[in-house]
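Step one of this worksheet: look at the structure below.
All chains are named by letter (A, B, ...) in the order of the sequence lines, taking the proteins before the strands, and each is independently numbered beginning at 1. Computed from a prediction, not measured in an experiment: that's the story for all the values here.
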Amino acid sequence: MTLTKAELADLLFDRVGLNKREAKDMVESFFEEIRVALEVGDSVKLSGFGNFQLRDKPQRPGRNPKTGEEIPITARRVVTFHASQKLKGMVEQNNDNC
Amino acid sequence: MTKSELIARLSERYPQLVSKDAELAVKTILDAMAGSLAQGERIEIRGFGSFDLNYRPPRVGRNPKSGSSVAVPEKYVPHFKAGKELRERVDLSEQTS
């Protein structure tokens, strides 16, 4: 099973009492606000869950694995996620029994 | 941006909702996401990214203070991979090209 936006919207309908339309929009906006913050270079800290941070990676040499041709991997900005201690603990414990 | 700032921005977006609703919505979403990872279930959000669990096999670690060896049991750790849209919007070099 995989958690998706549809399941999150159902939860907002059931638990928060938003109507179906509002629930769907709210889930979309939740992720959009995080994207906007990251897009403008702001990190996102969600206590109890984790932090989304930005890393600027310099250009480095790469290779086309098919042809072996050398091509530089351009400098880029990437998003990294660091799970909080709380989330790490939850994941570690609950998967002990599987 | 912190959780409370996220709640504030969402309640600005939805002035027709009471601000408690935005707060409850954020908490509900984060709890569901954490809960699903805790149960060994992955998360996939189109345009944002996916959260998976990576397996770490058991290993023999060391107590850095005493130097004695300790058995570290196997475990799972959460891992996030940014989706295409997020990756492209965050990468400034992508926007200029």
State yes or no: do B:I43 and B:V77 share one hydrophobic cluster built from I, L, V, M, F, W and Y residues joined by side-chain heavy-atom distances below 4.5 Å, directly or via other members?
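Looking at the clustering, B:V77 is in a separate group from B:I43.
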For [X], which atoms come within 4.5 Å of any heavy atom of chain A: side chain, backbone, both, or neither?
X: B:L30; result: both
X: B:L17; result: side chain
X: B:T2; result: both
X: B:R56; result: neither

Is any side-chain heavy atom of [X] closer than 4.5 Å to a side-chain heavy atom of [Y]?
X: B:L37; Y: A:L87; result: yes
X: B:L6; Y: A:V44; result: no
X: A:L3; Y: B:E44; result: no
X: A:F49; Y: B:D31; result: no
X: B:I29; Y: A:L12; result: yes
X: B:E85; Y: A:R35; result: yes

Gap separating the [atom1] atom of [X] from the [atom2] atom of [Y], nearest 0.5 angstrom:
X: B:D52; Y: A:T2; atom1: CG; atom2: OG1; result: 8.5 Å
X: B:T28; Y: A:R15; atom1: OG1; atom2: CZ; result: 6.5 Å
X: A:K45; Y: B:E5; atom1: NZ; atom2: CD; result: 10.5 Å
X: A:E39; Y: B:L86; atom1: CD; atom2: CG; result: 9.0 Å

Is it the case that the side chain of [X] and the backbone of [Y] share a donor-acceptor pair, with hydrogens and angles ignored and the cut-off at 3.5 Å?
X: B:D91; Y: A:R77; value: yes
X: A:K5; Y: B:I45; value: no
X: B:Y76; Y: A:K88; value: no

Over 60° means perpendicular and under 30° means parallel, so classify the ring planes of B:F48 and A:F31, tilted if in between.
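If you compare the ring of A:F31 with that of B:F48, the planes turn out tilted.
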Between B:R13 and A:E33, is there a salt bridge with N-O shorter than 4.0 Å?
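Looking at A:E33 and B:R13, the cut-off is met.
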Between A:E32 and B:R89, is there a side-chain N and carboxylate O pair less than 4.0 Å apart?
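Looking at A:E32 and B:R89, the cut-off is met.
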